[in-house]
Amino acid sequence: MSLPDINQLNKRFGSAGRIAFRAGAGGLPVAALAGPHGACEVSLYGGQVLGYKPLGHAPVLFVSRKAWHEIGKPIRGGIPVCWPWFGAHPAEKNKPAHGFARLQMWSMLTAEYSAQMTDIKLGLCDSESTRALWPHAFDLTLRVILDTTLRVELTTRNCDKAPVTISEALHTYLLVRDVAHTTVLGLDGVRYFDALTGQEHAAQKGAVHVHGETDRVYHDTNPECRVDDAGLGRQIVVAKRNSHSTVVWNPWIEKSKRMSDFGADEYPQMLCVETANARQATLTLPPGEQHTMALSLRADLKTT
Ligand code: TA6
């Protein structure tokens, strides 16, 4: 997998003060977006947002200090794109967890900005290496829009002659002061699957608190939830479209020790609240059809 030429990227898509490309960690190409309301960074490797900092706020996304930045390996943090399957492959466990989109080099498609907004679009289509893992023709685009919020839109187009079935996630790693003093609001009463026990649960009772390893897929969720961070005195509003699952994950102590691309002491500073279509929200796309799943993140300082 060859690395795109940074100078060429800046010549074609760069705009002074708004969109610039550089070689990031591991030499992987990164697009830096800036605007009147903040800044963000997007890795072309994996089509992965790596950073988001709204004006006047602490960074919103967590990236592990031990994250790999190597082709062929996933980057631990930001917003990984899990596609075309979420979690383990439904049938072949030797295939990469969370699909292959986060292990591919994406291409720049468009870059534009206005007084308020900075907007780029990346693309990934099928290749010999993707067809070896998933024998289908597709077009995948990731649009990242930086304005008063950060919006991320993942569009799947089925370019095949047969229907395709996908599950997917924008696997957002939120940065929090202390996960033990952070709660997720907006999932009260929602059914969920506990991946640690393999059990389905009838309903979440109240806010989600994290006091141990947590790995849950919430079903048929509302279009918005709030991550209330008492330590940073803010709420992160996670809004979404065409996503029927919300995944909440924290590895806590023991799992953190088993992950070599994650610091054993880092679990208090992160909480994944993922925008997904997983398990019973797996979807089938007819030939020629497309589907867009969208996420937006907004940081609100708490007044009380
Ligand atoms: O989204 C939660 C989850 O599926 C967990 O089960 C955990 O494994 C996490 O994703 C991270 O997966 P990864 O393949 O990036 O190590």
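Both counts, for ligands and for their atoms, begin at 1 and track the order of listing.
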Please identify which atoms of ligand 1 are closer than 4.0 Å to at least one heavy atom of [X].
{"X": "Phe86", "answer": "1 (O), 4 (O)"}
{"X": "Asp215", "answer": "2 (C), 5 (C), 6 (O)"}
{"X": "Glu274", "answer": "1 (O), 2 (C)"}

Report summary line: Only one of Val60, Leu174, Leu185 passes side chain to side chain contact (heavy atoms under 4.5 Å, CB included) with Val227, and that residue is Leu174

Report summary line: Contact region, Lys255 to ligand 1, non-hydrogen atoms below 4.0 Å, reads side chain

Query raised in the report: Does ligand 1 have a heavy atom under 4.0 Å from the side chain of His98, from its backbone, from both, or from neither?
Result: side chain

Query raised in the report: When you check the side-chain N and O atoms of Asp147 and Gln116, is any donor under 3.5 Å from an acceptor?
Result: no

Query raised in the report: Looking only at side chains, do Thr221 and Thr246 share a donor and an acceptor under 3.5 Å apart?
Result: yes

Requested in this report: Please write down residue, atom name and distance for the protein heavy atom closest to atom 16 (O) of ligand 1.
Outcome: Arg76 NH2, 3.0 Å

Query raised in the report: Is the side chain of His89 donor-acceptor paired with the backbone N or O of Ala91 at a distance under 3.5 Å, no angle test?
Result: yes

Query raised in the report: Rounded to the nearest 0.5 Å, how far apart are NE2 of His209 and CG of Asp228?
Result: 9.5 Å

**Report entry** Distance, nearest 0.5 Å, that separates CD of Glu168 from CG of Leu283
**Finding:** 5.5 Å

Requested in this report: Give a yes/no on ligand 1: does Arg102 have at least one heavy atom closer than 4.0 angstrom to it?
Outcome: yes

